[in-house]
Amino acid sequence: MNNPFTSHPRSIGESYLQHLIYAISTALSLSLTCGILVIHGLLPFLFTRTVSNRLYKVVDEMEERAHVGRFGDSV
C-alpha cells in the first residue's frame, strides 16, 4: 500500500521521523534567516553577509542530498 506519509521519505532514504526533523530544522533555520534579513533591512550595516551565507548553506545541503540520489520527486 502506498502510504502518503512515508512514500516520499522512503524514496529519499529516510524514515518519516528523519524527514520531519530535517524539514522542521530547515524551516526554523530559514525563519531565523528571515528575522536577520528584517534586521539587516532596518540596519544595513549589520549582518552584511549573514543571510547570503545561511541561504548558500541551505542550498548546498539540499544539493548534496540531491546528488546522493535521495530526491525521488520534487519537494
Side-chain angles (χ1 to χ4, degrees):
M1 178 178 264
N2 192 12
N3 183 336
F5 289 98
T6 58
S7 61
H8 170 65
R10 240 186 242 134
S11 74
I12 60 170
E14 295 178 343
S15 70
Y16 175 80
L17 186 59
Q18 289 171 317
H19 194 68
L20 177 64
I21 290 169
Y22 177 77
I24 289 173
S25 68
T26 301
L28 291 174
S29 176
L30 290 173
S31 294
L32 178 61
T33 302
C34 287
I36 292 169
L37 187 56
V38 169
I39 293 169
H40 172 71
L42 295 169
L43 306 168
F45 51 88
L46 294 178
F47 307 115
T48 57
R49 297 284 308 159
T50 304
V51 171
S52 57
N53 289 340
R54 290 176 69 93
L55 292 176
Y56 286 133
K57 181 181 176 195
V58 169
V59 169
D60 287 345
E61 287 173 359
M62 288 187 168
E63 285 181 344
E64 182 178 321
R65 289 165 54 99
H67 288 138
V68 172
R70 296 174 73 178
F71 283 127
D73 55 5
S74 55
V75 179

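The shown structure was predicted, so the numbers you read here are calculated from the model rather than taken from an experiment.
- Note that OG1 of Thr48 is 9.0 Å distant from CG of Asn53, once rounded to the nearest 0.5 Å.
- Scanning for side chain to side chain contact (heavy atoms under 4.5 Å, CB included) contacts around Thr50 gives Ile36, Phe47, Arg54, with sequence neighbours left out.
- Considering Glu64, Lys57, Glu63 in turn, Lys57 is the only one that fulfils the side chain to side chain contact (heavy atoms under 4.5 Å, CB included) rule with Glu61.
- With hydrogens and angles ignored, the 3.5 Å screen pairs no side-chain donor or acceptor of Thr26 with any backbone N or O of Ala23.
- For Leu42, the side chain to side chain contact (heavy atoms under 4.5 Å, CB included) test picks out Val38, with sequence neighbours left out.
- Residues passing the side chain to side chain contact (heavy atoms under 4.5 Å, CB included) test with Phe5 are Asn3, Tyr16, sequence neighbours excluded.
- Across all their heavy atoms, Ser15 and Pro9 have their closest contact at O-CB, 3.7 Å.
- Note that OG of Ser25 and CG of Leu20 are 9.5 Å apart. Values are rounded to the nearest 0.5 Å.
- Rounding to the nearest 0.5 Å places CZ of Arg49 at 10.5 Å from NE2 of His40.
- Between the CG atom of Leu37 and the CG atom of Leu30 there is a distance of 11.5 Å, given to the nearest 0.5 Å.
- Between Pro44 and Gly41, the shortest heavy-atom contact is CD-O, 4.2 Å.
- Placement of Val51 and Tyr56 in two distinct hydrophobic clusters is found when ILVMFWY residues are connected by side-chain heavy-atom separations under 4.5 Å, directly or transitively.
- Looking only at distances, a side-chain donor or acceptor of Ser31 sits under 3.5 Å from a matching main-chain atom of Ala27.
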